[in-house]
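Everything on this sheet refers to the single structure shown next.
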Protein chains: 2
Amino acid sequence: VKGISRRHLLGAAGVAAASLAPNALALPRSQVRAWDVFTDVLVIGSGAAGLSASIEARASGVSVLLTEFLPVMGGASTISGGVIYAGGGTSLQRALRIEDSVEAMYNYLVAAGGHHQQLDKIQRYCEDSPAHFEWLMDQGITYRDRLSELRVLPDWRESLYYSASELDWPHRDAASPVPRGHVPAAEGSNGGRELVNALLSSAKAAGVELRSGVKASQLVTEDDGTVVGAVLDSIGQRISVRARRGVVLACGGFVQNRTMLELHAPELARCSVPFSGAGDNGDGIAMGMAVGGVGLRMQQGAIAMSLREPEEVVSGLVVNANGTRFIAEDAHQGALGHAISRQPDGKAWLITDQRSSYTVDQDERPLVAQANSVGNIAEQLGFPRGSLQNTVAYYNRNAANGIDPQFHKAVDMLRPLQGPPYSAWDLSSGNAITRVYTLGGLHTTVDGQVINGLGDNIPGLYAAGRTSAGLPVAPYVVEGLSLGDCTYFGRRAGRAAAGV
Amino acid sequence: VKGISRRHLLGAAGVAAASLAPNALALPRSQVRAWDVFTDVLVIGSGAAGLSASIEARASGVSVLLTEFLPVMGGASTISGGVIYAGGGTSLQRALRIEDSVEAMYNYLVAAGGHHQQLDKIQRYCEDSPAHFEWLMDQGITYRDRLSELRVLPDWRESLYYSASELDWPHRDAASPVPRGHVPAAEGSNGGRELVNALLSSAKAAGVELRSGVKASQLVTEDDGTVVGAVLDSIGQRISVRARRGVVLACGGFVQNRTMLELHAPELARCSVPFSGAGDNGDGIAMGMAVGGVGLRMQQGAIAMSLREPEEVVSGLVVNANGTRFIAEDAHQGALGHAISRQPDGKAWLITDQRSSYTVDQDERPLVAQANSVGNIAEQLGFPRGSLQNTVAYYNRNAANGIDPQFHKAVDMLRPLQGPPYSAWDLSSGNAITRVYTLGGLHTTVDGQVINGLGDNIPGLYAAGRTSAGLPVAPYVVEGLSLGDCTYFGRRAGRAAAGV
């Protein structure tokens, strides 16, 4: 088992070369002449999901090989804010005298999760959240006992904030709002790097074998469909790895794979900026599908567009091409980005007056019209005659009374739009800077086992993180739930794969 | 080859029973001790897609076995209207002096198809449409040389009508409107039965072996992933069928499979009425996924809700829970049903005045409020304060001038809403009668070959009709495109599977 040497990974040739069509669906066991490398658990991908799976599998006492396609470890988790959505009374919440319960957290997540959700996963996640947070700290991630006043990713001096839509209508009515965004104490916005580095050190210390620059290309299956290993490419060499207990696919999503994106999620394809690492190329999902795994919610993505900074612009109006509002302007960035992507042609504009205007040039949201009347703005944008004026009149009438009957924008952001010049800023998915990553992936059990089209587990195959269809669903309004899902269900997948 | 006798289908036991976990992913060839039945092409499913595939495969001179799970042949096609969306100058169009071209048809289908479409399929379909219509007539389907004046399924005296959204905004601006809905000359709304009966007779005459009451349960694969046959269940007996040239999955969609529906398409799950036969249970899609096929657009469905009859109700207003309009009230039934399903909680109401009211009890769309003022209706429905009044005021102002600037309702349906009593009729997906079937299915090439997660064909496996992701996409506004896709791409799949 043990010593998977550099020689093994570079010098192997145990796969019967003649039989290997590079595009074969999956490699049958019978085509592997001899295994080049042996391990108990093979984890593919080194983001938060893969690292968590590795650590936990290794903790079960089995051998673990973790491979990474890119030269550097960490995946897209590294460039994230490192936020973990945790609650139910974590030690950090308790230290800050924040009252929370498993039930409150569950109720919020169900309310925020829309139609596409797996209640069994939500339940486990909430029940184990305090313990999972302790585990993260055990890996060496540090947090500060300070609550942020703001609703944006705090700097390194504060480690807890309202990262999700708890304070927004209608979620604030569905469950008592509690701050649950746990942010590593790292300078700048480097919480993701901090989190990955801690997990990486922990994996190394635990004896996980780590290899970067190695691309997984095919899973190896027995006649009965059991996954027993994988074929890797390392600098042009094909290496067969026998994974005695299981393979964990933790290779991220597919936002960097243009073909897959346009095929499965055309609404995401028109968003301007893939918010992920170069490794999110769909390899893991494709490999899993190739052995019978089922893709779930493949059209869904996390689409971020926030107007919360600077505060004054939120008193403007967001409208679609019909000239009508469709969401509160102070909505969570995930709710706003998602809603815009679903408007006709993915188009929307922020309409501001003198007081709500941006004061600096907006590369992120281009200024596309300016005028002394709302009617002239509407004309420049080609809106249906009179519709924007009608929208503004209704909005103003109510804002003067401090209410937004339709979308419940926060009272302190409500005031009639008045005072030229009026401006229109383009928020359309394809024109404004809209950050997106995919949420669809392989359908899995609570233990990360990949499920086939008949509803049965595929023996030996596990998936975690954005390679799987996990807790995050669209609209993605629970910042920190993706990394929370990666680490928590990554651990479960690792433990299940070790199977001891 | 030939004679697949009743004995074969009932008395076989060639599958090594001990090795057969009923939930196995797929059956490896090595587990089949001896084949019970031999054929060149096995077609699973007897709707329009399966019958067309069978006829065309048989025309290539190979042997064809077609199996049907239900006791009766015909699938969901039987209960459809039998409409085929055809154009580019079919003989019926020409007989009625309707000018059409491949280009006009292509332009319309692309405009109506939204983001999720395969342009290569649309192109082949349009180019071959006149010839495909001749083929349908060659099978014995008859049509009458009469154009319908109406936009609903005509009775048996007329065989051509505007079945799609060609006359609706914005499609009427994207391409010159042409009637392309071809309806078999059958009494009542029995066009579907007429179509199926003709194809069935043709298949029998051509020498296709037909067996009903036989359920396909697993595909059989070689080590390299090639599909070489299937295992069928016939009255408790498991029968192995060797398909020398290919297997065509033509088993319909999955609207009758509650588990698959809630998993893949929760918005469809809340629609009140599955509009399909009992055979649309997802078997074909699940079997295809189990050998590596990829599901595409699994969340999409055809959702029908029409207000075009009686004509007067269209002069009412359709609004969502925000009290705002979101579509023209005279929209195509597929556009209206889809749009309602995407409103908050899938909820919508038709607001009528005295003149636009239904005059009969509406089981299909329950009456949920009645009052002497619009404001009182809004209050009863719990709408945001003042929003419905604001919507009606803007609408009335424009309707008085004969325009609908936002949604372009037809001019003759535009008049201010006025004159109590006002009524609200529930159009919500879960409350009104909303007919739905699934459009998602296996990803295929123009020749029906099933594509795996790596983008490669799965050798020996084909899919057609609603088991595949074909031309119909959501919103489904091209009535007749589903059956058109079934028959045309069914034929292509049959031909490709025969491979001669």
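Below, each value reflects all heavy atoms present in this structure, side chains not excepted, and no hydrogens, waters or symmetry copies. In what follows, chains are A, B, ... by sequence order, proteins preceding strands, each numbered from 1.
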With rounding to the nearest 0.5 Å, note down the distance linking NE2 in B/H115 to CD in A/Q299.
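Reported to 0.5 Å precision, the distance equals 13.5 Å.
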
Taking atom CZ of B/R385 and atom OH of A/Y394, what is their separation to the nearest 0.5 Å?
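Taking CZ in B/R385 and OH in A/Y394, the distance rounds to 8.5 Å.
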
Which bit of [X] comes within less than 4.5 Å of chain B, counting heavy atoms only: side chain, backbone, both or neither?
{"X": "A/R270", "answer": "side chain"}
{"X": "A/I285", "answer": "neither"}
{"X": "A/H443", "answer": "side chain"}
{"X": "A/S30", "answer": "side chain"}

Is there a donor-acceptor pair under 3.5 Å between the side chain of B/Q406 and the backbone N or O of A/P384?
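Side chain of B/Q406 to backbone of A/P384, a donor-acceptor pair under 3.5 Å: no, none is there.
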
Go through the steps to decide whether A/R325 and B/T324 satisfy the test side-chain contact (heavy atoms from CB on, under 4.5 Å), and finish with yes or no.
CA-CA 10 Å; A/R325 290 173 76 218; B/T324 55; over 6 Å; no

Contact class of B/R29 relative to chain A, heavy atoms under 4.5 angstrom:
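Looking at B/R29, nothing touches chain A.
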
Quick one: what part of B/F407 sits under 4.5 Å from any heavy atom of chain A, side chain, backbone, both or neither?
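Side chain only.
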
Student check: side-chain heavy atoms of [X] and [Y] closer than 4.5 Å:
{"X": "A/Q218", "Y": "B/L454", "value": "no"}
{"X": "B/V294", "Y": "A/L263", "value": "no"}
{"X": "B/M289", "Y": "A/N452", "value": "no"}

Could you check which of B/A469, B/P405, B/G114 has the highest count of heavy-atom pairs closer than 4.5 Å to chain A?
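Heavy-atom pairs under 4.5 Å are most numerous for B/P405.
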
Among B/L296, B/D404, B/N390, residue most engaged with chain A (heavy-atom pairs, under 4.5 Å)
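Answer, by heavy-atom pair count under 4.5 Å with chain A: B/N390.
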
Max heavy-atom pair count under 4.5 Å with chain B, selected residue of A/R297, A/E267, A/M298:
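Answer, by heavy-atom pair count under 4.5 Å with chain B: A/E267.
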
Smallest separation among heavy atoms of B/H264 and A/G295, with atom names:
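Nearest pair, atom of B/H264 first, then A/G295: CE1-O, 3.8 Å.
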
For residues B/G453 and A/A286, report the shortest heavy-atom separation together with the two atoms involved.
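The pair with the smallest heavy-atom distance is O-CB, 3.0 Å.
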
